[in-house]
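Just so it is clear, the structure is predicted and the values come from calculations on it, not from any experiment.
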Amino acid sequence: MEVLLAQSAGFCYGVQRAVELAERAAAAGEKPVMLGSVIHNRHVIDDLLRQGARLVESPEEVRPGETVVIRAHGEGEAVFQQLAARGARILDGTCPHVRRIQKIARTAAEEGRQMVLIGSANHPEIRGICGWGRDVLVFSGPEEVSQWLRETPEAAHWPLTVAAQTTQMQEIWESSLNLLKKQCTNLKKFDTICFATQKRQAEAAEIAAQVDVMVVVGDRTSANSRHLCELCQERCSRVHLIEGAEELTADKLAGCRRAGLTAGASTPASIIKEVNKTMSEEKIMSEGTENFAEMFEQYTNTLHTGDKVTGVVTAITPTEVHVDLGCKQAGYIPMDQLTDDPDAKPEDVVKVGDEVELFVVRVNDVEGYATLSKKRLDANKIWDVLEEAVENKTVMEGVVSEENKGGVVVYIKGVRVFVPASQSGLPRDAAMSQLLKQKVQLRITEVNRARRRVVGSIRAVQQEARAAAAAAVWENIEEGKHYTGTVKSMTSYGVFVDIGGVDGMVHISDLSWSRIKTPAEVVKVGDTLDVYVISFDKEKKKISLGVKDRSINPWEKFMETYKVGDVANVKIVKLMSFGAFAEVVPGVDGLIHISQIADRRIESPAECLQEGEMVDVKIIEVDEEKKKISLSIRALLNAPHAPAAEDSDNGEEAE
């Protein structure tokens, strides 16, 4: 009988890492505590228990100071806090792919978005992820998603973030996602099915369609193994899930000419090899067929140019990054294949211990190494992100690196995005150079992957932000409320001030207590002003603002400062035919009658005074009821004929 082997059978990186953490701790004599089964495989757990590990189900069972291994499925944030409070040493064996979903859930909560997971609600991975989010919704597949959308029609307008359990079946994920994409207008999607899981499921399905019987090796509590069985059952009528070689009997394979063999991510190589040995003893394989161990070894030692692989960074040098790919070839990433950013340092891009997805550029079996590229895989991913950004109207962030005749260029993760001048957010005819080196937010409006053309708009983000700010202003505005605003434009009768998405008008009379002819005397465009609301009309979208501090009463200030007989230094603000008005304190003017300007008869105040001039005067009369002040320059002049002139002038005034 011919046996077809799924090349991706057995431990994935995340599972292997969690087991090794527990094994190393046990070997060091720490007697580690497993908080729940490190992986879903009773054989592995029993072996760890024999090595001195202890299994508990809750943080309360952990003794102070013990070393605790977090399982590959991860735990909620509260569990980490409980363990820290008990003084436990934590060895975090959470699979990197699971940790990524945990971060997505936390970000969704921080942004006020509804987190949706497609997976099994009772699975420990899902329970752990829910512990990093807020009110996370979990649906097993498209049927539950469809029912929820029918029962909650308002959800179509909610901001949703959707991700999948790492071991979810691709078909279930895609059908669930399509339902959400069709009905929901504000959706962020993250394809979080583990790449190794996708590959394992695809290979299992392909083999199952070609064989008479399919054998899946894995723990029955493992969702990964169960999904493999479900996929195989759709294509093969005889599928057996076994946990070990002892369950493999000849009758399970009786009458079959061709058999398929795969294993779940939690199945160690030792069990797979034992199954192979049992199969050989039962003469399931023909004499001329390679044995399972040889085929398994061949898989783990084979790489091909063009493959997408996952590896762990083991070392970083000035010229390259070393990566462990779990096979006989040593992997390395040359600096020019790490990132498109020429200024980036290797340690800014990756760190030792990071799990990274890579593209195999070249395999040299003679020398025993593989040349890898991170930037080629990243480039494809960012194009996917940009296309999704157009569909989802996502706000992106980048740095303006150059200007040209038509606009500016922004780089987003190495991709060149052109922003036309009309979408730059700057006024017409403004210099584009002022945006250079600036970090900006923009919307992607056009993506043409074939022509490698991307167009964006800074203005669209600014308009949305301004609209949101304006709505907030109109919702909370009230008379007397203070705002910090910016002078946007000026007229002869006042200035327009932006108070956060809305422009209000400050009339010239409300700009200053002092008498001014034009607003330019006290403010200029771009100035920041503390303004308050005098009145507003929501229907007409008009706001009247003031700058003058109404808590200050200029007349009271004058009365507190001066009395009749005092001398004051005043500013001439207006010349009239009968005299000159002078500002005594801001907001209070006094009259210097023409007869009080000089110690001689003059025809016009302009003979002696000019507007803007500062002069000393004597306060000769104050009318508190009418709030009028009489001033005199003449009274301060030492002239012998002053009294006579005063009598004459006063007589003429009386007439």
- Task: Write down the atom of Leu436, the atom of Glu403, and the distance for their closest heavy-atom approach.
- Result: CD2-N, 3.9 Å

- Query: Quick one: do Glu388 and Lys189 make a salt bridge, cutoff under 4.0 Å?
  - Reply: yes

- Message: Would you say that Lys188 contacts Glu111 through its side chain, given a criterion of any heavy-atom pair below 4.5 Å between the two side chains?
- Response: yes

- Electrostatic pair Asp503:Arg466 at N-O distance under 4.0 angstrom: yes

- Message: Is it the case that the side chain of Glu391 and the backbone of Glu387 share a donor-acceptor pair, with hydrogens and angles ignored and the cut-off at 3.5 Å?
- Response: no

- side-chain contact (heavy atoms from CB on, under 4.5 Å) between Lys375 and Leu338, intermediate numbers included: CA-CA 5 Å; Lys375 75 175 187 179; Leu338 185 62; over 6 Å; no

- Kindly indicate, with the supporting measurements, whether the criterion side-chain contact (heavy atoms from CB on, under 4.5 Å) is fulfilled by Val454 and Ile412. CA-CA 10 Å; Val454 184; Ile412 298 178; over 6 Å; no

- If you measure from CG on Asp530 to OG1 on Thr484, what distance do you get to the nearest 0.5 Å? 5.5 Å

- Taken in chain and number order and not counting sequence neighbours, the residues that satisfy salt bridge (Lys or Arg N to Asp or Glu O under 4.0 Å) with Glu77 are Arg106

- Does a side-chain heavy-atom distance below 4.5 Å link Glu320 with Ile333? no

- Heavy-atom check, side chain of Glu479 versus side chain of Tyr532, under 4.5 Å: no

- More than 12 heavy atoms of other groups within 6.0 Å of Glu539 CD: no

- Task: Would you check if the side chain of Gln434 reaches a backbone N or O of Ala431 as a donor-acceptor pair within less than 3.5 Å?
- Result: yes

- Query: Minimum heavy-atom separation for Trp148 to Trp158, with atom names?
  - Reply: CZ2-CZ3, 3.7 Å

- Message: If the threshold is 4.0 Å, N to carboxylate O, is there a salt bridge linking Lys199 and Asp307?
- Response: no

- Cation-pi check, Lys538 onto Trp474 ring (under 6.0 Å, within 45° of axis): no

- Among Ile104, Val136, Thr192, Val162, whose side-chain contact (heavy atoms from CB on, under 4.5 Å) with Leu117 holds? Val136

- Message: Could you report the tightest heavy-atom contact between Val68 and Ala88, atom names first, then the distance?
- Response: CG2-CB, 3.9 Å

- Worked verdict on Arg453 versus Glu446 for salt bridge (Lys or Arg N to Asp or Glu O under 4.0 Å): CA-CA 8 Å; Arg453 171 182 168 83; Glu446 178 187 339; 3.4 Å; yes

- Message: For a 4.5 angstrom cut-off between non-hydrogen side-chain atoms, does Val531 reach Ile499?
- Response: yes

- Message: A side-chain contact here means heavy atoms from C-beta on lying under 4.5 Å apart; do Pro142 and Ile172 qualify?
- Response: yes

- Message: Do Ser492 and Thr518 make a side-chain contact, defined as non-hydrogen atoms from C-beta onward lying under 4.5 Å apart?
- Response: no

- Query: Salt bridge between Asp527 and Lys524, side-chain N to carboxylate O under 4.0 Å?
  - Reply: yes

- Note on the structure: When rounded to the nearest 0.5 Å, the distance separating OG of Ser401 from CG of Leu435 is 11.5 Å

Validation: residues 418-425 side-chain donor-acceptor distances under 3.5 Å, sequence neighbours left out:
from: Gln423; atom 1: OE1; to: Ser457; atom 2: OG; distance (Å): 2.6
from: Ser424; atom 1: OG; to: Ala421; atom 2: O; distance (Å): 2.8
from: Ser424; atom 1: OG; to: Leu426; atom 2: N; distance (Å): 3.3

- Check: Phe139 and Val116 side chains under 4.5 Å, non-hydrogen atoms: yes

- Query: Arg459: what forms a salt bridge (Lys or Arg N to Asp or Glu O under 4.0 Å) with it, not counting sequence neighbours?
  - Reply: none

- Item | side chain to side chain donor-acceptor pair (under 3.5 Å) contacts in which one or both residues fall within residues 115-130, not counting sequence neighbours | Glu125-Thr166

- Under 6.0 Å from the NZ atom of Lys351, do we count more than 12 heavy atoms belonging to anything else shown? yes

- Task: Quick one: closest heavy-atom pair of Gly141 and Ser176, and the distance?
- Result: C-OG, 3.3 Å

- Atom CZ of Arg449 and atom CH2 of Trp383: how far apart are they, to the nearest 0.5 Å? 7.5 Å

- Query: What distance separates Lys181 NZ from Leu177 CG, expressed to the nearest 0.5 Å?
  - Reply: 5.5 Å

- Item | Non-hydrogen side-chain atoms of Glu355 and Val313 separated by less than 4.5 Å | no

- Count the heavy atoms of every other residue, nucleotide or ligand shown that sit under 6.0 Å from CG of Asp537, and state whether that count exceeds 12. yes

- Message: Restricting to non-hydrogen atoms, name the atom on Gln201 and the atom on Met169 that form the minimum distance, rounded to 0.1 Å.
- Response: OE1-CA, 3.7 Å

- Task: Considering non-hydrogen atoms only, spot the tightest contact between His227 and Thr167 and give its length.
- Result: CD2-O, 2.7 Å

- Message: Checking Thr310 against Leu358 for the side-chain contact (heavy atoms from CB on, under 4.5 Å) test, could you report, in this order, the C-alpha distance in whole Å, the side-chain angles of both residues, the deciding distance, and whether it holds?
- Response: CA-CA 6 Å; Thr310 300; Leu358 303 163; over 6 Å; no

- Task: State the CZ-OG1 distance between Arg362 and Thr305, to the nearest 0.5 angstrom.
- Result: 8.5 Å

- Are the aromatic rings of His322 and Tyr332 close, with centres under 6.0 Å apart? no

- Task: Count the heavy atoms belonging to other residues, nucleotides or ligands that lie under 6.0 Å from NZ of Lys517, then report whether that count exceeds 12.
- Result: no

- Message: Regarding Gln147 and Glu143, do their side chains bring together a donor and an acceptor under 3.5 Å, going by distance alone?
- Response: no

- Note on the structure: When Val361, Leu325, Val321, Leu377 are each screened for side-chain contact (heavy atoms from CB on, under 4.5 Å) with Leu372, the one that passes is Leu325

- Message: To the closest 0.5 Å, what do you measure between CE (Met115) and CD1 (Ile129)?
- Response: 7.0 Å

- Message: Treating Asp354 as the side-chain partner and Val356 as the backbone partner, does any N or O pair qualify as donor plus acceptor under 3.5 Å?
- Response: no

- Message: For Glu144, give me all partners under salt bridge (Lys or Arg N to Asp or Glu O under 4.0 Å), at least two apart in sequence or on another chain.
- Response: none

- Between Thr94 and Asp92, is any side-chain donor less than 3.5 angstrom from a side-chain acceptor? yes

- Item | Exceeds 12 heavy-atom contacts within 6.0 angstrom, atom NZ of Lys541 | yes

- Query: Who passes side-chain contact (heavy atoms from CB on, under 4.5 Å) against Glu402, sequence neighbours left out?
  - Reply: Val409, Tyr411, Arg416

- Task: Could you walk me through whether Val79 and Leu35 pass the side-chain contact (heavy atoms from CB on, under 4.5 Å) test, one step at a time?
- Result: CA-CA 10 Å; Val79 171; Leu35 183 54; 3.5 Å; yes

- Short N-O contact, Arg71 and Glu75, less than 4.0 angstrom: yes

